[in-house]
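Reckoned from all heavy atoms, side chains included, excluding hydrogens, waters and symmetry mates. Letters go in sequence order (proteins before strands), and every chain restarts at 1.
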Amino acid sequence: MLEIAYLRAHPDEVKARLAKKHFPELHLVDEILTADEKRRQIQKQLDNNLAEQNKLAKEIGELFKQGRRQEAEERKSATAQLKEQSRQLEQQLTEVEQEQQNLLVRLPNLPHRLVPEGRSAEDNLVVKQHGKLPELPQGAKPHWELAEQYGLFSLELGVKITGAGFPVYMGKGARLQRALVAFFLDRALEAGYREVVPPYLVNSATAFGTGQLPDKEGQMYHVTEDDFYLIPTAEVPVTNIVRDDILDEKSLPLKFVAYSPCFRREAGSYGKDVRGLNRVHQFEKVEIVQIAHPDKSYDTLDEMVTHVEQLLQALELPYRIVRLCGGDMSFASALTYDFEVYSAAQQRWLEVSSVSNFETFQSNRMKTRFRDENKKIRLVHTLNGSALALPRIVAALLENHQTPEGIRIPAALQPYSGFQIITGNTP
RNA sequence: GGAGAGAUGGCAGAGUGGUUGAUUGCAGCUGUCUUGAAAACAGCCGUCCGUGAUGAGCGGACCGGGGGUUCGAAUCCCUCUCUCUCCGCCA
C-alpha cells in the first residue's frame with residue numbers, strides 16, 4: 001500500500017511511475033486524493049464537535065458537583081443536537097475512510113528507477129548469465145521421463161490421492177527433496193539468517209499484510225470453516241512476524257529463513273509449459289526474508305541476489321539473472337530479480353527464484369516501523385527471495401545432470417543426499 | 001467439546017461512571033554529580049488522525065475488536081476474538 005502522504009505530495013510522479021507498471025487505472029490516484037480531501041474535512045468538523053461535547057460534559061460534571069442541578073440539566077439538552085451531528089459525521093468519516101482504503105489497496109507499488117520499460121516477460125533485462133549451456137547427449141530426457149525411469153516422483157499417484165498438481169515423491173526423489181531443503185537452510189544459516197518454522201495456515205490480517213488480500217485470494221487455498229488460508233509462500237507468515245511492531249533501529253536488518261510447503265491454486269494455463277514439475281499446486285521452498293533499514297535496503301537486495309547465485313553455482317546449474325520490467329513485475333514489488341535455470345532437455349529457462357524489494361509497500365500495510373536516531377518513526381523496507389524453490393530446481397538438476405549411467409548429484413549436495421548418483425536399480 | 005477466570009502503556013501492576021492517556025515500580029532517555037562509570041537526585045518517556053513547516057503548540061481518537069447505555073465509560077450492558085485454569089479427547 002502506498003503512503004497517502006507521498007501520494008498527496010507527488011500525485012503526478014506517482015501516476016507516471018504507475019504508468020511504467022502498465023497499471024490501467026491511473027484515475028484511482030485522483031479518486032483517492034478526492035476521498036482524502038473529503039476525509040480530512042469531515043475529520044476536522046467531527047473533531048470540533050467532539051471538543052465541544054467534551055467541554056460541555058466537563059462543565060456539567062462541575063455543576064453537579066456544586067449542586068447546581070438546574071443549570072446542569074439545561075446543558076444536557078444542549079448536547080443532544082451536537083451528539084446527533086457527531087453521530088452522522090462519524091458515520092460519514094467511516095464511509096469515506098473505507099472508500100479511500102479500498103481504493104488505496106488497489107494501487108500497486110511504484111517501480112524503482114532501475115526497472116526496465118516494458119510490457120511482458122520479453123522486455124525483461126538479462127543482467128547476468130553464468131555457466132555454459134549444457135550440451136546433452138542424444139536422447140536426453142525431460143525430467144518427467146527421468147522421474148518415471150528412476151522412480152522419483154509420480155503425478156498420477158498424486159491425482160489419486162488429491163488431484164492434479166500434487167506430486168508424490170518417493171525413494172531417492174523424496175530424499176533429494178530433503179537434501180535440498182537441508183542444504184538451503186544450512187547455507188542461509190551460514191549467511192546469518194535466523195531459522196523459522198512458521199504456521200502454514202494464516203489468517204486474513206496476515207494475508208493482507210504481505211499483499212495477498214484482497215484481490216489475489218484466488219491464488220490461495222481458503223479454509224472457509226476457520227477463515228484461514230494455506231500459505232502460497234513462507235514470505236507471508238514470516239514477514240508478518242513484525243506486523244504492528246516498532247523495531248529498534250539497531251536490530252535491523254532482521255534476517256529470517258524458513259522452509260515451508262507452498263500451496264498455490266494457480267488457475268493458469270495447461271499444456272506443454274506446465275508438464276512435470278514445472279507448475280504444481282504444492283511444492284517445497286526455502287525462503288529468505290529481510291526486514292531492512294530503508295536507507296540500506298538495496299544493498300540488502302544485492303546481498304540476497306548474491307546468496308541465491310551461490311546456491312545455483314553450488315548446484316552446478318547454468319543460470320541467468322533477469323531484472324523484471326514494469327509490466328512483468330508483481331503487484332507489491334519495487335524491484336525484482338528473477339533467477340532462471342536453463343533446462344537443457346526442455347530447452348527453456350525455468351524460473352527458480354524471485355528476489356524482491358518491496359520497500360514500504362508491505363510495511364505500510366503491516367504497520368512495521370522503527371525508531372530512527374532522531375526518535376522519528378519510519379516504515380521499514382521488506383525484502384524476500386526464494387532460496388530456493390524445489391520443483392524446478394529438481395527438474396533442472398535431473399535434466400542437466402543426466403548421464404548414461406544415471407543422474408549425477410552435485411558434490412555440494414552429496415553430504416546431504418547420502419548418494420552420488422541416481423540409478424535405476426536403487427530404492 | 002464442557003466449566004470457570006481474564007485481556008490496561010516495552011514489561012510488571014493499580015484503577016469499577018466525572019479534569020484518567022490513565023497511580024506506581026522496572027526498563028529507557030536527558031541533566032546534575034563524577035576523571036569515567038555506578039549510586040543518588042531532578043526532569044522526560046505511547047500510538048494514530050487533524051491543524052501547523054515532516055517543529056512547537058492546539059484539537060480529536062485509542063485501556064483486546066465491534067456495538068450499546070449515559071451530559072460523561074478503562075470503569076456498566078451486549079457481542080466477537082484471544083489467553084489462562086480445570087475436565088474430556090488426542091499426535
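Here the P atom of nucleotide B:G59 and the CG atom of A:Leu93 are 20 Å apart, to the nearest Å. Rounded to a whole Å, the NE2 atom of A:His10 is 11 Å from the C1' atom of B:U54. Rounded to whole Å, atom C1' of B:U51 lies 13 Å from atom CD of A:Glu37. Distance A:Arg39 CZ to B:C49 C1': 7 Å, rounded to the nearest Å. Nucleotide B:C71 holds its C1' atom 7 Å from the NZ atom of A:Lys83, rounded to whole Å. Atom CD in A:Gln41 sits about 14 Å away from atom P in B:G50, given to the nearest Å. At whole-Å resolution of the value, CG in A:Asp47 and P in B:C48 are 16 Å apart. To the nearest angstrom, C1' of B:C48 lies 15 Å from CD of A:Glu3.
Nucleotide B:G15 is shown with an anti base, its glycosidic torsion being more than 90° from 0.
The separation of B:U23 from B:U8, taken at their P atoms, amounts to 16 Å, rounded to a whole angstrom. Going from the C1' atom of B:G36 to that of B:U32 covers 16 Å, rounded to whole Å. If you take atom P in B:A73 and the same atom in B:G18, they sit 11 Å apart, rounded to whole Å. When the C1' atom is compared between B:U30 and B:C49, the two are found 29 Å apart, to the nearest whole Å. When the C1' atom is used for both B:C29 and B:C45, the distance is 7 Å, rounded to whole Å. The gap from the C1' atom of B:C63 to that of B:U47 amounts to 13 Å, rounded to the nearest Å. With both ends at atom P, the span from B:G65 to B:C71 equals 25 Å, rounded to whole Å. Atom P of B:A22 sits at a distance of 13 Å from the matching atom of B:A61, rounded to the whole Å.
Between A:Gln53 and A:Arg87, the residue whose closest nucleotide on RNA chain B is further toward the 5' end is A:Arg87. For the pair A:Gln43 and A:Gly61, both in contact range of RNA chain B, the more 5′-proximal nearest nucleotide belongs to A:Gly61.
Base-pair partner of B:G21: not found among the strands shown (Watson-Crick or G-U wobble, both distances under 3.5 Å). The partner of B:U70 cannot be assigned: no Watson-Crick or G-U wobble pair with both contacts below 3.5 Å exists in any strand. Partner assigned to B:C63 is none, using Watson-Crick or G-U wobble distances below 3.5 angstrom. Shown here, B:G50 forms a base pair with B:C58; the pair counts as Watson-Crick or G-U wobble because both key distances fall under 3.5 Å. Base pairing of B:U81: its partner is B:A7, meeting the Watson-Crick or G-U wobble criterion (both donor-acceptor distances under 3.5 Å). If you check B:A40 for Watson-Crick or wobble pairing at under 3.5 angstrom, you find it paired to B:U32. For B:G1, the paired base is B:C87 (Watson-Crick or G-U wobble, both distances below 3.5 Å).
For the atom pair CD of A:Glu90 and CG of A:Asn49, the computed distance is 10.0 Å after rounding to the nearest 0.5 Å. The CG atom of A:Leu388 lies 13.5 Å from the CD atom of A:Glu284; values are rounded to the nearest 0.5 Å.
Within the structure, every side-chain polar atom (N or O) of A:Arg40 is placed at least 4.0 Å from both OP1 and OP2 of B:C49. Between B:G59 and A:Asn49, no contact under 4.0 Å exists linking OP1 or OP2 to a side-chain N or O.
At the heavy-atom level, A:Arg371 lies under 4.0 Å from the strands shown only through sugar-phosphate atoms. As judged by a 4.0 angstrom heavy-atom cut-off over every strand, A:Lys367 is placed among residues making no nucleic acid contact. If you check every strand for non-hydrogen atoms under 4.0 Å, A:Leu46 touches nothing. Using a 4.0 Å heavy-atom criterion, one finds that A:Leu50 contacts the sugar-phosphate atoms exclusively.
Comparing B:U54, B:C49, B:U19 against the side chain of A:Lys376 picks out B:U54 as the nearest. Taking only side-chain atoms of A:Arg8, from C-beta outward, the nucleotide of B:U54, B:G59, B:G50 with the closest atom is B:G50. Proximity note for A:Ile246 (side chain, C-beta onward) versus B:G60, B:U47, B:C71: the nearest is B:U47. Among B:C48, B:C71, B:A61, the nucleotide with an atom closest to any side-chain atom of A:Ile377 is B:C48. Which of B:U47, B:C49, B:U51 sits closest to the side chain of A:Lys44 comes down to B:U51. Which of B:C29, B:C71, B:A61 sits closest to the side chain of A:Asn54 comes down to B:A61.
For the residue pair A:Gln290 and A:Tyr193, a side-chain donor N or O sits within less than 3.5 Å of a side-chain acceptor on the partner. No side-chain donor from either of A:Thr79 and A:Gln53 sits under 3.5 Å from a side-chain acceptor of the other.
In this structure, A:Phe256 has no ring-ring contact (aromatic ring centres under 6.0 Å, His included) partners at least two apart in sequence or on a different chain.
Taking the centre and axis of the six-membered ring of A:Phe419, the NZ or CZ atom of A:Arg175 falls outside the cone set by 45° and 6.0 Å.
Note on ring orientation: taking the six-membered ring where Trp is involved, the planes of A:His222 and A:Tyr229 are parallel (angle under 30°, cut-offs 30° and 60°).
No more than 12 heavy-atom neighbours from other residues, nucleotides or ligands sit within 6.0 angstrom of CD on A:Glu148.
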